[in-house]
Amino acid sequence: MKLKFCGATRTVTGSCFYIDTGSFKFLVDCGAFQGDDETEKLNYEPFPFDPGQLDAVFLTHAHFDHSGRIPILVKQGFKGRIIGTQPTRDLAKVVLLDAAKIQKEEYDRWQTRSKFQKETKDSSAQGTAYESREPLFTEQDVEEVFNLFDIYPYGSSVSISEGVEFRMRDAGHILGSSIFEFWVKTAEGREKKIVFSGDLGQPGARIVKDPDLIREADYVVCEATYGNRLHKSKDETTLELLSILKQAQQEVSNVLIPSFAIERTQEILYEINMFVENKILQNVEVYLDSPMASKATEIFKQYPTFYDDDARRLLEKGDDPFHFKGLTTTDSAEESKRLINKSGVVIIAGSGMCTGGRIVHHIKNNIEKENTHMVFVGYQVDGTLGRKLVNGDKEVRVMGQTLQVRAKIHTLGGFSAHGDQRDLRYWLRGFGHSPEKIFIVHADEEIGIGFASNIKTELGVEVDVPKFNEEFELK
C-alpha cells in the first residue's frame, strides 16, 4: 500500500493524501493552497496522480483548504465517488460556489485593469502575474462535483471495495467534520488500519461535539496546526471577547472580526447571543457582512442532531443560538458599503485570513483609527494580510494602498476550531503504542517537527513529518 503526501506537508494548507492499495486508489481530501501568490500558484500545477484513475475522494470537511481542488479533479477526468457527511456536502457546496464566484470577479477586474493599462500606458494599473490567471473552476464545474457525492453517517463501517472498508467518526472541528478510519487487506492477506485525523477540534467547543477517540491503528496521519501552543480556556476567551465589546461600546468605536464563514462565525454569534440573552451586553449593534456565512448559518440550523448537548438545550428552550436583538445581516454590496458611515458597531466579515472578501474594505476604512479593535479568532496562514497584522506589522498593503496599523489587534486563540498541543497529545494517546508510524501534517515546518519529536518521546513510536509529494510504502 502506497501513501503519498500531496499537500499540507510542513504547511497548513492544501490537504491532499493519495493512497494506492494495489486494487483501489483514493484521496483523503483535495484542498486548495492558500497564502501568498507563490503558494497559491500550486493550485495550477498538475496533480501527481491521474485523476481519471481514482476510485474515490473521502472529504473530511468543507473548508476550502480541504475541498478547494475537487472541482479541478472532476474537470480533469475524476468519475469516482466523493464521500462525506450530509453537512459536509451542503457546506462544501456553499464554499465552492462562493470560490468560483470570487475567482471570476477577480479575473474580470484584472482584465479591466489590464485593458486600461494598455489604453493609457499606465503601468500602475497592471495586476500581478497571479491575478492574470484564469479561474480554477466555474460554478458549473462545482455543480458537477455534487453529482458524485455520497452521504454516510458517523459510526457505520462500509465496505467500499473488495479489501477496503471505511468508517467516519466525529472530528469535532466544524459541523459534519470527520475522522476517517480505513481497513485495507494487503496482497499478503493481512489487514492494516490507517486513520486520518482530518482537522481535530477542541474538546468543549461550542455547538459541535468533542472529537471521537480512536483506540488502535497501524498508521495515523494527524494534523498539528497548534502543536506548539496551548489555547486559553473557553471561559477566559469568552470574557476577553466581552471585555473588547464593552470597551468598544464605551469608546463608540468599531470592532472588526475577520471570521471564517463556517463554524467560527456561528460560534461568535452563539457567544454574543449568550451575552445579549443574559443581559450582560446591551444595545449592541452587530452586522454579519458575509453572504457566505449567512448561507452557512442556515445550513447549521438544518442539522441540530450534530450539535452538542448545550446547543441542543438552547434550541429546546426556543432560543435561536445564531440570532439576537441587534443583529443585522447585510446581503448586498450596497448594504456593506453603507457600513463605512457606522461607528460603535461590530462587523463580522470574511475572509478569515483577510485575503479577500468584504473584510478587506472594512480594514481599509478602519485600520488607521486608533480606537478600532480587530479581533482574530482563527489561524492565519503565513503570507496573508491576517498573519501580518497578528505578527504586529506596523504598515500593510490593502487594496493597493500602504496603510499604517493604528488599530488595536487582539488574537483570541481559544475560539480556534483546532485543538491545541494538549488536545492533540490526548487524542494520540488514545492509540497507545499500537501505531507502527504516525505522520504529522497540517502544521508549519518548525511546529510539525517539534510536535513530532514530542510525540516520539511520549509514545515511543516512529513519527515522520513528510515533505511535499513524499511517498511511503506501508508494509
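Just so it is clear, the values below take in all heavy atoms, side chains as well, and ignore hydrogens, waters and symmetry mates. Positions are given from 1 along the sequence.
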Q140 versus E144, side-chain donor and acceptor atoms under 3.5 Å: yes
Do I262 and L175 come within less than 4.5 Å of each other through their side chains, counting heavy atoms only? no
So do H173 and H418 actually touch side chain to side chain, heavy atoms under 4.5 Å? yes
So among L241, T411, I268, T237, which one has a side chain to side chain contact (heavy atoms under 4.5 Å, CB included) with V377? I268
Can you classify the ring geometry of F17 versus F5 as parallel (below 30°), tilted (30 to 60°) or perpendicular (above 60°)? perpendicular
Among all residues two or more places apart in sequence or in another chain, which pass the salt bridge (charged side-chain N to carboxylate O under 4.0 Å, His left out) test with D150? R81
Residue pairs fulfilling salt bridge (charged side-chain N to carboxylate O under 4.0 Å, His left out) with at least one residue in residues 231-246, sequence neighbours excluded: K232-E240, K234-E267
Hey, does F33 have a side-chain heavy atom less than 4.5 Å from the side chain of T13? yes
Is the closest side-chain heavy-atom distance between F300 and P321 below 4.5 Å? no
Under 4.5 Å between any side-chain heavy atoms of I272 and L269, yes or no? no
Report the residues that fulfil salt bridge (charged side-chain N to carboxylate O under 4.0 Å, His left out) with K75, sequence neighbours left out, ordered by chain and then residue number. D141
Salt-bridge test for K41 and E38: reply yes if a basic N is under 4.0 Å from a carboxylate O, no otherwise. yes
Not counting sequence neighbours, which residues clear side-chain contact (heavy atoms from CB on, under 4.5 Å) with H410? List them please. I244, H373, V375, K408
Can you find a heavy atom in the side chain of I82 that is under 4.5 Å from one in the side chain of V145? yes
Using 30° and 60° as the class limits, which term best fits the ring planes of Y303 and F306: parallel, tilted or perpendicular? perpendicular
Please list, chain by chain and in numerical order, all residues satisfying ring-ring contact (aromatic ring centres under 6.0 Å, His included) with Y426, sequence neighbours excluded. none
Partners of E334 by salt bridge (charged side-chain N to carboxylate O under 4.0 Å, His left out), sequence neighbours excluded? none
Polar contact flag, side-chain donor to acceptor under 3.5 angstrom, T265-S259: yes
What heavy-atom pair brings V286 and I348 nearest, and what distance separates the two atoms? CG1-CD1, 3.9 Å
What residues, two or more places apart in sequence or in another chain, satisfy salt bridge (charged side-chain N to carboxylate O under 4.0 Å, His left out) together with R387? D444
Please say which of T11, T9, D29, D65 ends up in a side chain to side chain donor-acceptor pair (under 3.5 Å) with H442. D65
Let me see the working for T457 and N454 under side chain to side chain donor-acceptor pair (under 3.5 Å), right down to the final yes or no. CA-CA 5 Å; T457 301; N454 291 338; 5.9 Å; no
With sequence neighbours excluded, residues passing ring-ring contact (aromatic ring centres under 6.0 Å, His included) with H231: Y226
Residue list, ring-ring contact (aromatic ring centres under 6.0 Å, His included) with Y219, at least two apart or on another chain: none
Any donor-acceptor N/O pair, N254 side chain to V345 backbone, under 3.5 Å: yes
Output the distance between atom CG (L136) and atom NZ (K104), rounded to the nearest 0.5 Å. 15.0 Å
Show every salt bridge (charged side-chain N to carboxylate O under 4.0 Å, His left out) that has at least one partner inside residues 348-366, sequence neighbours left out. D289-R358
Please step through side chain to side chain donor-acceptor pair (under 3.5 Å) for the pair D199 and H63, ending with a clear verdict. CA-CA 10 Å; D199 286 358; H63 279 152; 4.9 Å; no
Side chains of I438 and L459: closer than 4.5 Å at any heavy-atom pair? yes
For F180, give me all partners under ring-ring contact (aromatic ring centres under 6.0 Å, His included), at least two apart in sequence or on another chain. F58, F182
Strictly under 6.0 Å, is that where the ring centroids of F472 and F439 end up? yes
Is there a side-chain contact (heavy atoms from CB on, under 4.5 Å) between Q103 and E134 once you walk through the steps? CA-CA 8 Å; Q103 289 174 65; E134 293 186 2; over 6 Å; no
Please work out whether the ring planes of F149 and F146 are parallel, tilted or perpendicular, with thresholds of 30° and 60°. parallel
Counting only heavy atoms from other residues, nucleotides and ligands, does the tally under 6.0 Å from CD of E370 exceed 12? no
Residues, nucleotides or ligands: over 12 heavy atoms within 6.0 Å of E335 CD: yes
Can you list everything that forms a side-chain contact (heavy atoms from CB on, under 4.5 Å) with V381? Sequence neighbours excluded, please. V12, M353, Y379, T384
Determine whether I19 and F196 make a side-chain contact, defined as any pair of heavy atoms from C-beta on separated by less than 4.5 Å. yes
Show your reasoning for whether side-chain contact (heavy atoms from CB on, under 4.5 Å) applies to D423 and L200. CA-CA 9 Å; D423 302 327; L200 293 169; over 6 Å; no
